[in-house]
Structure formats: structure tokens, C-alpha cells
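Below you'll find the structure, written out as C-alpha cells, and then a few comments.
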Amino acid sequence: MKEDERQTRSYLMQLFERHGFNPRSDLGQNFLIDLNIIEYVVENGHIQPNDIVLEVGTGTGGMTTFMAQQAGHVITVEYDRNMHTLAKEATQKYDNITLLNCDALKNKNHMSPTVLDEIAAQLEAHPGSQLKLVANLPYNVATPIISNIVASDLPWNRMVVTIQYELGLKMACKPATSNYGALSVWLQSQCFVKLLKKVGPTVFWPRPKVDSAIVQLTPNPPLKQKIVDRVFFQDFLRRVFQHRRKLMRSTLVGMYSKQLSKAAVDAILLSHEIDKEKARAEELTVPELIELSNTFQEQIAEQANR
């Protein structure tokens with residue numbers, strides 16, 4: 001990181017005072033001020049000269065300029081107009097940065113068309129390139145940003161992000177643990193999820209009230225390919241974990257009462273060697289849930305075609 005681009009706490013405080021505004025807590029504006037942590041995040045992004053890097057939460061552009069020194073192109077998205085203005089000043093000497101002043105999400109289930117169009121344009125302009133998400137993600141959009149990229153067909157090959165520590169635990173946890181749920185299975189069914197580092201509030205300004213985590217996600221194509229229908233699977237997970245401690249049989253019978261009989265549900269559970277009298281969703285492994293979802297999808301499709 002170049003010395004004149006090191007955005008320390010004192011630098012940011014002076015910057016905000018000079019421009020006459022303050023960080024917005026409602027937008028989760030907590031800026032990384034520990035330069036070692038910024039470098040750690042970027043280094044673990046393994047950014048190469050032909051990579052297209054997506055950053056959500058530009059802030060004042062401190063991490064953006066660091067990544068631009070290594071990437072083919074950086075697409076960085078900032079919702080707040082004031083932050084966008086500051087980032088524009090910080091990044092003006094770089095010609096491989098696209099600053100977008102918009103919401104990165106169209107809604108909780110879809111990325112913004114503006115962001116997707118820019119990603120497509122940069123991928124086309126850099127043949128053979130791949131997409132990486134490297135960002136200090138605002139807490140309030142971290143889950144939908146990560147989930148929607150995983151759900152997409154974008155050619156991403158790495159994500160390294162700072163997120164709320166509790167969310168990092170949910171993403172990486174194992175079956176039969178308190179944090180294991182739909183998000184855990186959805187991500188682990190398609191990615192290798194690794195919690196790289198836990199970081200405290202002191203590495204940010206203003207300080208958040210919770211700990212954070214640096215998390216790495218990389219694709220797991222062999223497991224992803226076992227999912228017959230990802231849209232069905234995502235809905236299956238969302239519904240089956242709504243009542244995580246309820247018996248699987250009761251949940252599934254209720255979920256598919258219009259498509260399958262109780263006997264059909266029992267037959268599916270038996271074929272997967274799942275004890276209908278004891279099994280709960282939170283106890284099943286990721287591969288088991290993929291296989292179970294596939295069978296329900298196939299059986300429902302067969303019933304619909306009769």
C-alpha cells in the first residue's frame with residue numbers, strides 16, 4: 001500500500017471534518033483503519049493482473065486503491081453519495097477503477113442490474129478473466145450479497161470479506177450445532193467456506209459493537225454439480241429450516257402436502273435411511289440434504305407430469 005494512500009483513523013477523522021459530515025451507522029459505515037488487516041484481506045484475495053474485483057462498500061476508497069494496484073479492474077459499489085464523493089477523490093488517478101453510486105442489490109434475492117451489467121462489460125473487456133469479491137462488507141447487506149453471487153452463474157473464483165463474526169460462524173458451521181441452518185448448507189453445498197480470522201472492534205472506525213470475521217469462500221464444483229435444481233434446493237432449505245428442531249417428516253409433509261402424500265414422503269425418507277420418528281433438519285449433513293432435495297424435486301416433477 002502506498003504511503004500517501006494509507007487511511008488511518010486520524011486521516012479519516014480529518015477527512016470527514018473537512019467535508020462536514022459523519023459516518024452513518026444506519027448504513028453500517030465502519031471503516032477499516034488497521035492497515036495490517038486491510039493488507040491481510042487483500043493478500044488473501046490473491047488478486048492477479050487479469051482479475052475483475054468486485055468491492056461492495058467502497059467507503060472512502062482506502063482498500064479500493066490498494067486492490068487497483070494489483071487487479072485488471074476494480075468495480076466498486078457505494079450506496080452513500082457522500083462516500084462516493086470521497087472515494088472519487090481518492091481513486092481519481094487510477095484508470096482501472098469503476099465507481100458505482102447505487103445499491104448493490106435490486107432486492108434481497110437479486111443483485112442490481114447496474115452492477116451486473118458492469119461486471120459483464122468488464123469480463124468481456126478482459127477475456128479469460130474471473131471475478132473476485134474482496135470487500136469490507138456492510139453488515140446489513142453481507143448475507144444477500146454473498147448468497148446472490150453464489151446463486152448466480154457469474155464466473156467467480158474467490159471471495160474474501162469482512163463480515164459480522166456471528167454471520168461468519170453461521171456460514172462455516174457444521175451439522176448439529178446451534179448456528180447450522182439454511183445459509184450454512186446453501187453456501188457449503190457450493191463453496192469451501194473458511195473463517196480466516198476473528199477481528200475485534202478496534203480495527204474499525206467508528207467501532208462496531210460486535211466482533212467481525214474475515215471469511216474466505218472458494219467454489220466447490222463437484223458438490224455443486226450434484227444439485228439437480230438450485231432454485232428448488234434454495235427454497236427447500238429455506239422452508240425445511242424454518243422450524244429447524246421440528247421433526248423432518250412433519251415439516252416435509254406440510255411443505256409438500258399439495259404435491260405428495262404422507263406415504264410418498266415416508267417412502268422418500270426410508271429410501272434415504274432417514275428415521276422419520278427422530279430426524280431433524282439441523283442433524284443432516286450438506287450432502288444428505290442435497291440428495292434429499294433432489295429426490296423431492298424429482299418426485300414432485302413426476303407427479304406433475306402424470
Side-chain angles (χ1 to χ4, degrees), residues 28 30 32 37 40-41 44 56-57 105 108-109 133-151 156 158-204 207-220 223-224 226-227 230 232-252 254-255 272 274-275 278-293:
N30 303 100
L32 272 173
I37 296 297
Y40 181 86
V41 171
N44 278 279
V56 176
L105 297 166
K108 68 176 183 178
N109 296 317
L133 173 68
V134 183
N136 172 29
L137 288 177
Y139 286 167
N140 57 341
V141 298
T143 297
I145 291 293
I146 295 169
S147 295
N148 287 325
I149 291 176
V150 170
W156 71 275
R158 198 175 197 85
M159 302 189 206
V160 179
V161 293
T162 60
I163 57 176
Q164 190 170 346
Y165 182 65
E166 183 181 349
L167 176 59
L169 292 179
K170 287 181 180 179
M171 289 167 54
C173 67
K174 301 303 179 186
T177 60
S178 60
N179 289 302
Y180 189 67
L183 179 65
S184 321
V185 180
W186 173 247
L187 297 180
Q188 292 176 38
S189 67
Q190 299 161 83
C191 315
F192 297 103
V193 182
K194 186 176 181 181
L195 204 160
L196 297 177
K197 187 186 287 286
K198 181 180 180 180
V199 292
T202 58
V203 305
F204 297 93
R207 294 182 181 182
K209 296 179 180 179
V210 296
D211 289 328
S212 300
I214 302 170
V215 177
Q216 171 189 287
L217 294 90
T218 53
N220 184 353
L223 192 56
K224 177 182 174 180
K226 293 184 178 182
I227 304 171
R230 286 199 295 158
F232 182 93
F233 182 54
Q234 191 171 30
D235 178 70
F236 174 87
L237 294 176
R238 179 183 60 80
R239 295 166 70 187
V240 85
F241 276 100
Q242 277 183 338
H243 306 287
R244 51 184 291 117
R245 291 181 177 83
K246 191 175 179 180
L247 290 177
M248 280 286 290
R249 180 183 184 274
S250 298
T251 301
L252 292 165
M255 283 169 56
H272 286 267
I274 295 174
D275 188 342
K278 296 181 179 179
R280 291 173 170 80
E282 62 182 5
E283 299 166 348
L284 300 185
T285 66
V286 172
E288 286 173 336
L289 286 162
I290 290 174
E291 292 171 5
L292 189 62
S293 170

From CG (Leu237) to OG (Ser293), nearest 0.5 Å: 6.5 Å
Heavy-atom check, side chain of Val161 versus side chain of Ile214, under 4.5 Å: no
Thr251 side chain near Phe241 side chain, heavy-atom distance below 4.5 Å: no
Stepwise side chain to side chain contact (heavy atoms under 4.5 Å, CB included) test for Leu284 and Ile274: CA-CA 9 Å; Leu284 300 185; Ile274 295 174; 4.1 Å; yes
Spatial distance of atom CD1 (Ile149) from atom CG (Leu187) [nearest 0.5 Å]: 11.0 Å
Residue pair Ile290 / Ser189: nearest heavy atoms and the distance that separates them: CD1-CB, 3.8 Å
Closest non-hydrogen atom pair between Ile163 and Ala142, with its separation: CG2-CB, 3.8 Å
Nearest atoms (heavy-atom pairs only) where Pro144 meets Lys108: CB-O, 3.5 Å
Within-4.5 Å side-chain heavy-atom neighbours: Asn148 and Val150: no
Check against side chain to side chain contact (heavy atoms under 4.5 Å, CB included), Phe204 and Leu32: CA-CA 5 Å; Phe204 297 93; Leu32 272 173; 3.5 Å; yes
Interatomic spacing from CD in Glu291 to NZ in Lys226 - rounded to 0.5 Å: 7.0 Å
Pairwise distance CZ(Arg238) to CD(Gln234) - rounded to 0.5 angstrom: 9.0 Å
Exam field: side chain Arg158 to backbone Gln216, donor-acceptor pair closer than 3.5 Å: no
Close side-chain approach of Leu167 and Tyr139, heavy atoms under 4.5 Å: no
Within 6.0 Å of CD in Glu166, more than 12 heavy atoms from elsewhere: no
Leu183 side chain near Met171 side chain, heavy-atom distance below 4.5 Å: yes
Met159 side chain reached by Ile146 side chain, heavy atoms, under 4.5 Å: yes
Atom pair CZ (Arg230) and CG (Asp235), whose distance is rounded to the nearest 0.5 Å: 14.5 Å
pair Gln190-Leu223: side-chain heavy atoms closer than 4.5 Å: no
Minimum heavy-atom distance between Gln188 and Lys174, given as atom pair plus value: OE1-NZ, 4.2 Å
Worked check of side chain to side chain contact (heavy atoms under 4.5 Å, CB included) between Val41 and Asn136: CA-CA 9 Å; Val41 171; Asn136 172 29; over 6 Å; no
Mutual orientation of the aromatic rings belonging to Trp186 and Phe233 [parallel < 30°, tilted 30-60°, perpendicular > 60°]: tilted
Whether Ser147 side chain and Thr143 backbone form a donor-acceptor pair below 3.5 Å: yes
Heavy-atom side-chain proximity of Val199 to Ile37 below 4.5 angstrom: yes
Candidate pair Tyr180 and Val286, rule side chain to side chain contact (heavy atoms under 4.5 Å, CB included), full reasoning: CA-CA 10 Å; Tyr180 189 67; Val286 172; 3.8 Å; yes
Lys197 to Tyr40 six-membered ring, cation-pi geometry met (6.0 Å, 45°): yes
Heavy-atom pair with the smallest gap, counting every atom of Lys170 and Ser184: O-OG, 2.6 Å
Rounded distance [0.5 Å steps], OG in Ser178 versus CG in Leu169: 8.5 Å
